[in-house]
Amino acid sequence: MPILNRAAELQDEVTEWRRHIHERPELLFAVENTAAFVAEKLKEFGVDEIVTGIGRTGVVGLIKGQGEGGRTIGLRADMDALPLTEISGKPWASTTPGKMHACGHDGHTAMLLGAAKYLAETRNFNGNIAVIFQPAEEGGGGGNLMVKDGMMERFGIEEVYGMHNLPGLPVGHFAIRSGAIMAATDEFTITIKGRGGHAAQPHRTIDPIAIGAQIVSNLQLVASRNVDPLRSVVVSVTKFNAGFAHNVIPNDATIAGTVRTLDEEVRNLAETRLKQIVNGLVAAHGAEVDIDFNRNYPVTFNHATETGHAVRIAGEIAGAGNVNAEIDPMMGGEDFSYMLNARPGAFIFIGNGDTAGLHNPAYDFNDETIAHGISYWVRLAEQRLGA
Ligand SMILES: [Zn+2]
Ligand SMILES: [Zn+2]
């Protein structure tokens, strides 16, 4: 089965919504206008229950099928933009400098609205569909907050599905894998407290820059000498701040960066080794240190059975040959991971075609993908709920 006819009919209307949202990007939890737009549309479609303010500014709509009760599945989109200034030059480009939809969450929101419209019209399923619109995916953990707010229990959600566009994957294609598909994204900040002084009398100082340089190079050994080469880890130092003059050794240096892993065992090992290396080097040179290791988004882990459902439905829409069921995991993060830790489900990529990359100021969501995305949501919901 290719794209659903009704989804193709919705293409123009959903494109309008997508561009409306694109022009008006909002950041993190401050997605009030986008959330209001979503809630207004859901009301217009006749969605049975609309709850706002879950996870601060998240919205959930419940669409009831035929018969009483039944199972409930969740379909999730994200609503927030990024702190970038858009250079796409499109007529619907962001009207706010310093904010833009550079990750396609405008498209995700619009496609899920399109699916909600379709499903509220047809109700060709038993049970209920919860359409989930979350804030603060790009840092902030809005998905985590919605789960903590009791969303799964409140709506009786038993399975959850997510979808993200992927530049470079042709339009109409899908990609997914069972197991870890995106990384845990932990962050560290290391503050080395030495003793500053005259640059010509280094023996009277404890030089935090010299110690910091050793920390940067020794942290590379976590990946090359501690973690099994067949398993994945990234340790990237992305900031090193110290000093202010040619002739002064400063008191302090700050080093920060990120650790990316695909399983808990490696995640724990990387944190332990990072702390041992830093503490050991600092002690060897007589300085002191503060290490702030912040466990951010967990691994996005696709459950095997639900990934199977996703692959089958994507194959019906796109043709089995256009579904990559074994895409390599990516070392970026995704806070749909919290929903997948709460309920079984699967996160799939949908092709955005040959566009600029995610988080690039020239990026734009590809509207040609809309009918494919709506078709996937609708057929997944209908099939999981025994239409
Ligand atoms: Zn993003
Ligand atoms: Zn994203």
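As the structure lists them, so they are numbered: ligands from 1, and atoms in each ligand from 1.
Ring geometry for H101 against H22 counts as tilted: the plane angle lies between 30° and 60°, on a 0 to 90° scale. In this structure, H108 and H164 have perpendicular ring planes: the angle between them is above 60°, well past the 30° mark.
No side-chain donor-acceptor contact under 3.5 Å links N128 and E49.
Protein atoms that are N, O or S and lie under 2.8 Å from the Zn ion (ligand 2) are these: C103 SG, H105 NE2, H164 NE2.
Under a 4.0 Å N-O distance rule, the pair R18/D106 qualifies as a salt bridge.
Applying the 6.0 Å contact sphere to CD of E153 captures more than 12 heavy atoms from other residues, nucleotides or ligands.
Annotation: the span from E138 atom CD to D78 atom CG amounts to 7.5 Å, rounded to 0.5 Å.
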